[in-house]
Structures are given as C-alpha cells and as structure tokens.
Amino acid sequence: MNWLVDLIGTMGDREALVDSSGEYSYADLSEQCSKYRAEFESQIKQGDVVAILSDYNFYSISLFLALLDINAIIVPIVSEINEEIKDRIDISKCDFVTKLDKNGKLDLTKMKCEEKHELVNELKANEDSGLILFSSGSTGKPKAMIHNLNKLVESYKGKKTKKLKMLVFLMFDHIGGLNTLLNSLAMGARIILPMKRDAEEVAKLIQKYKVQILPASPTFLNLMLIGNVAGKYDLSSLKMITYGTEPMTDGLLVRLRKVFGKVRFLQTFGTSETGIAQTVSRSSDSLEMKIDDPNLEYKIVNDELWLKSKTQVLGYLNAENESFTDDGWFKTGDLVEDVGEGYLRIIGRNKEVINVGGEKVLPSEIESVLFELQEIDDVLVKGVPNAITGQSVVADVVWNADDDKKEVRKRIRAHCKALLSSYKVPTKINIVDSVSFSNRFKKKRIL
Amino acid sequence: MSDNEITKLVIESVKEIGADQDNDEMINATEDTRLFGDNLDSMGVVFLVTILEESISDDLGVDIALADERAMSQKTSPFRNVKKLSHYIQMLIEEEKDS
C-alpha cells in the first residue's frame with residue numbers, strides 16, 4: 001500500500017477538502033478511495049496507463065489516490081477540448097479512460113492498446129506508479145513527460161502534521177497544482193478547491209473558509225488587485241501568498257504589499273520536468289530567492305538556470321530529451337541573475353527575450369517600469385518583428401483612466417525614456433481592455 | 001487626404017521626436033529636414049514610424065506598415081527626408097484604398 005494513502009487512512013475526521021459539491025474529511029477521502037479501488041480492481045492492473053477525465057474535485061482526487069495505490073500510471077486530463085483530450089489519450093497510449101460525473105460515478109472505458117512506450121514498461125517492471133504530464137508548450141504540440149510518481153510522492157514523506165487551510169489554485173494536470181495537493185495531504189491540511197478560478201470566487205472562498213495559504217501566479221494576483229477583492233471580502237485569514245510560474249515584477253510586488261500588508265510573500269520555483277523546488281525569499285519585499293532543497297542541485301550556465309533533481313522526469317514520450325544534458329541537467333529556459341550570498345533573481349524566459357538590433361531586452365524589466373505609473377492596471381511587454389531592428393518592443397497596456405490615447409502614449413514614452421535606454425522603450429503602445437494570459441494565468445508573450 | 005496634409009502629419013511627428021531628442025533641426029522641421037543617417041539613427045526611425053502609423057490609423061482609419069521589407073529595399077530610402085517619407089506614405093495610403 002502506498003504510504004500516503006495509508007497516512008490519509010489514519011487521519012480520521014480531520015477536515016480534508018472543500019469543493020463545489022461539499023466538505024469532506026480524510027476518512028471520507030480514504031473511504032472513497034477504497035470504493036474506487038474495489039470497483040476497478042477486476043479490470044485495472046498495476047502498470048496500466050489510466051487517464052482521468054475530470055474536474056479537480058473530491059472524487060477525482062480519490063480516484064487519483066486509488067490509482068496511485070495500485071501503482072498505475074496516471075494521466076490527469078482536465079481539458080474540455082475534445083481534440084486535445086484525444087491527443088493526450090493517444091500520446092499516452094492509455095489502457096483505460098476513466099470519467100467521473102458530478103456525483104463521482106465512475107465510467108471506465110478499455111482502450112485498444114498498441115505497444116507501450118519503453119519508459120512505461122520500465123515503470124511497470126519496477127512496480128512503480130507513474131504520472132504523465134503535458135507541458136503547456138508555447139509552440140506546436142505539447143510535450144508529454146513521464147514521472148516516477150512513487151518517487152515524487154516519496155519526497156513529501158515525513159512532513160509534520162499541520163492545521164492549515166490552503167487554496168489549490170492550479171489543477172492536478174500541472175506540477176504546481178500537484179505539489180500543493182501532495183503537500184497538503186502529507187501535512188493533513190485542509191484543501192479548498194475553487195470551482196471557477198476567478199478573483200471574485202477565490203476571494204469568496206478565502207473569506208468563507210478562512211484560507212491561510214494562497215499559491216497563485218503574479219498575473220492572477222494582479223487580477224485580484226484590479227478587481228479590488230480585498231476591499232470587498234475579508235481576507236484577513238491569509239498568512240502567506242506564494243507566487244510562481246512566471247516572473248513577478250518589482251512594481252507589482254510593491255502594489256501587492258500595500259494591499260496585503262501582513263501577508264508573507266514567498267517566491268516558488270519549479271518546472272514540470274524537475275518538480276517544485278523548496279525556496280526561501282530574502283524577504284516579503286524581495287524578488288531574490290534561495291533554492292534550499294536537499295533533492296535539488298542547480299547551476300547557472302550563460303544566465304540560464306540548470307537543475308538536477310532526484311524527482312525529475314524519466315523522459316518524454318513524444319519528444320527528444322534535448323532540454324537535458326547527457327549528465328542529467330535540465331536546462332530550464334529561465335534566465336536568472338546571481339545576486340550573491342546564494343540568492344537568485346528570476347528575470348525571464350530566454351524565449352521571451354526581445355532582440356532589438358542586437359541589444360537584449362527583458363520584458364519583465366520594462367513591465368516593472370511601466371507598473372510605476374498608477375494609471376496602469378496591467379501590462380504585457382513582448383517583441384514583434386521589425387524590418388529595421390529585427391524586433392521591436394511592444395507594450396499592451398490596461399489604462400484605468402479616461403485619457404486621450406495620444407496623451408497616454410506620450411506619457412508612457414516619456415516615463416520610459418526617463419528610466420530606460422532608448423532601445424528598451426516600447427515603440428508601439430497598445431491600449432487594451434485586458435492583457436492576454438493562458439488558462440493557467442501566465443502572461444502570453446509569444447503568439 | 002492631400003499630399004500636403006500628410007506632409008504636415010510627418011512634420012508634426014518629426015517635431016515630437018525632435019523634442020524627445022533635444023534636436024533643434026527636427027524641432028524646426030520642414031519638408032527638407034533630413035532624417036535617417038543625419039538626424040535619426042535606426043531606433044529613431046523605429047519610433048518615428050510607430051508614431052506615424054499610430055497617427056495615420058487614428059486620424060485616417062487606414063492601417064499601413066511603414067517599415068517593412070519593401071520600405072527597406074527601395075532604391076532611395078523613404079526615410080531619407082520628410083519629403084520622401086511623405087510621398088511614400090501617400091503612395092501606401094492610395095494602395096490601401098485601392099485594395
């Protein structure tokens with residue numbers, strides 16, 4: 001039996017989970033997990049590849065645990081786009097597809113299954129459970145990667161039991177969401193699952209369930225500011241906000257600190273390939289962080305962060321391992337600055353660096369400068385092709401006052417010119433209603 | 001839109017850039033003011049082009065791309081001086097209307 005499933009079974013009446021269908025204890029979770037296991041046991045065997053098509057809720061988490069317990073290989077799919085679902089099932093070469101209705105009724109479909117991927121066979125032979133995740137790759141098909149799930153879950157072992165209430169923001173098809181889930185379960189914490197991931201809904205839940213920890217992306221935190229949810233709801237239960245998945249800017253952190261004065265801010269860092277690192281922020285006001293993780297080594301090569309972790313993926317199912325070096329280092333694609341004393345600062349993605357006539361421009365630097373203007377609610381800086389300079393800097397800006405567009409552009413340019421070298425000043429400024437972000441609340445800088 | 005009005009628009013934009021760059025020749029721009037190579041570097045052209053594209057789009061409702069491969073491969077650069085740039089813009093606007 002898996003130790004985590006075992007542990008959950010010992011926690012009894014402790015509050016485990018809240019979703020749109022109700023409130024559940026650890027005993028409920030354990031019971032539902034056993035129910036599913038009994039239900040599928042005659043069909044699903046150790047080493048089978050099983051897709052879970054479901055929202056993130058009490059039932060899907062129970063099913064996830066039941067499958068972990070028999071060492072299956074799990075493919076969580078929360079997409080609602082048929083083509084995407086089919087793609088993911090095909091790439092994973094699933095043996096079974098499971099669907100859950102809103103009452104948790106399990107619908108099991110056996111798939112015709114061809115030859116398995118070598119990495120899947122390896123897991124099966126070693127009687128390890130597996131997890132297939134898809135990267136949200138900005139171009140082309142998403143990459144499918146496979147983790148040794150037992151090893152990943154093992155890294156949460158030995159946590160002290162804590163009475164904490166955490167909101168789980170990302171879904172379990174994402175390493176960050178999975179991290180919050182496993183962390184919470186291993187600590188016996190209470191998990192609050194939002195039905196909709198919008199600022200209003202999340203704030204309502206924080207008030208209602210006195211949530212203490214909120215993991216979120218900077219883009220989402222800014223949506224909370226724009227929606228003024230702190231003025232509408234009592235968010236005083238919040239003790240800590242963790243932010244990650246994209247770079248935070250100084251300008252936004254200053255605004256957040258003003259609104260959430262007593263809340264601690266912690267930068268998190270992780271990749272689908274290596275799992276989530278344990279990090280320490282220098283302070284709540286600082287974007288400098290330290291990677292302090294016994295399971296993880298790092299080094300910086302040409303400004304890029306390279307990681308090697310004990311919980312990293314076994315490999316990809318549909319792509320080359322080109323992001324890995326022969327000796328197992330994962331090139332994250334994230335640019336960092338070593339600020340000394342072991343602290344790092346994340347400055348952007350190397351794919352998002354804008355090249356203006358040979359000069360490098362980091363979107364986050366420009367965004368941070370723009371954020372100093374109080375009339376700017378949100379901003380996204382990206383590069384576009386330019387016949388003269390190769391690329392030029394474009395800023396999409398959400399302006400919260402009713403000013404003449406020409407005047408707004410002039411003011412923005414003047415502000416940037418005062419603070420930035422001329423090649424960094426946005427040549428084009430689009431005044432927009434909202435900036436574009438992905439369904440995981442990450443800014444979309446590459447089209 | 002007459003040639004004359006476009007020239008005015010170009011001169012206004014050149015003056016705006018001139019003010020940004022403390023360049024007297026551009027602040028007092030006329031039809032004959034030289035641009036790229038003399039008063040403007042390539043970044044300067046990029047800014048001028050953007051301001052012009054914005055104004056043309058805002059004032060005339062016509063979207064044109066001033067800096068593209070075609071502009072770069074003209075025998076004499078349209079960014080040489082105010083007059084050449086104005087002619088080039090006029091030509092692009094007429095093409096846009098015809099299409």
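Note that these values count all heavy atoms, side chains included, but never hydrogens, waters or copies made by symmetry. Keep in mind that this is a model prediction, so the values were computed, not measured. Below, read A as the first sequence line, B as the second, and so on, with proteins coming before strands; counting in each chain starts at 1.
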Taking side-chain hydrogen bond (donor to acceptor under 3.5 Å, both in side chains) as the definition, give me every residue that meets it alongside A:Glu337, ordered by chain and number, with sequence neighbours left out.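 Expected list: none.
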Output side-chain donor-acceptor pairs under 3.5 Å for residues 29-37 of chain B, partner residues at least two apart or in another chain, one line each.
residue, atom, partner, partner atom, Å
B:Thr30, OG1, B:Asp32, N, 3.2
B:Thr33, OG1, B:Thr30, N, 2.8
B:Thr33, OG1, B:Thr30, O, 3.1

Residue-level contacts of residues 387-415 of chain A with chain B, using a heavy-atom cutoff under 4.5 Å: A:Ala387, A:Ile388, A:Thr389, A:Ser392, A:Lys406, A:Arg409, A:Lys410, A:Arg413
Can you tell me if [atom1] on [X] sees more than 12 non-hydrogen neighbours from other groups inside 6.0 Å?
X	atom1	answer
B:Lys8	NZ	no
B:Glu95	CD	yes
B:Lys83	NZ	no
A:Lys299	NZ	yes

Part of [X] lying under 4.5 Å from any heavy atom of chain B:
X	result
A:Lys417	side chain
A:Val425	both
A:Pro426	backbone

Does any backbone or side-chain atom of B:Glu16 lie under 4.5 Å from a heavy atom of chain A? Answer side chain, backbone, both or neither. side chain
Measure the spacing between OG1 of A:Thr427 and CD of B:Glu53 and express it to the nearest 0.5 Å.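 Those atoms lie 9.0 Å apart.
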Result block: side-chain N/O donor-acceptor pairs under 3.5 angstrom for residues 41-52 of chain B, not counting sequence neighbours:
residue, atom, partner, partner atom, Å
B:Asp41, OD1, B:Met43, N, 3.3
B:Asp41, OD1, B:Gly44, N, 2.8
B:Thr50, OG1, B:Val46, O, 2.6

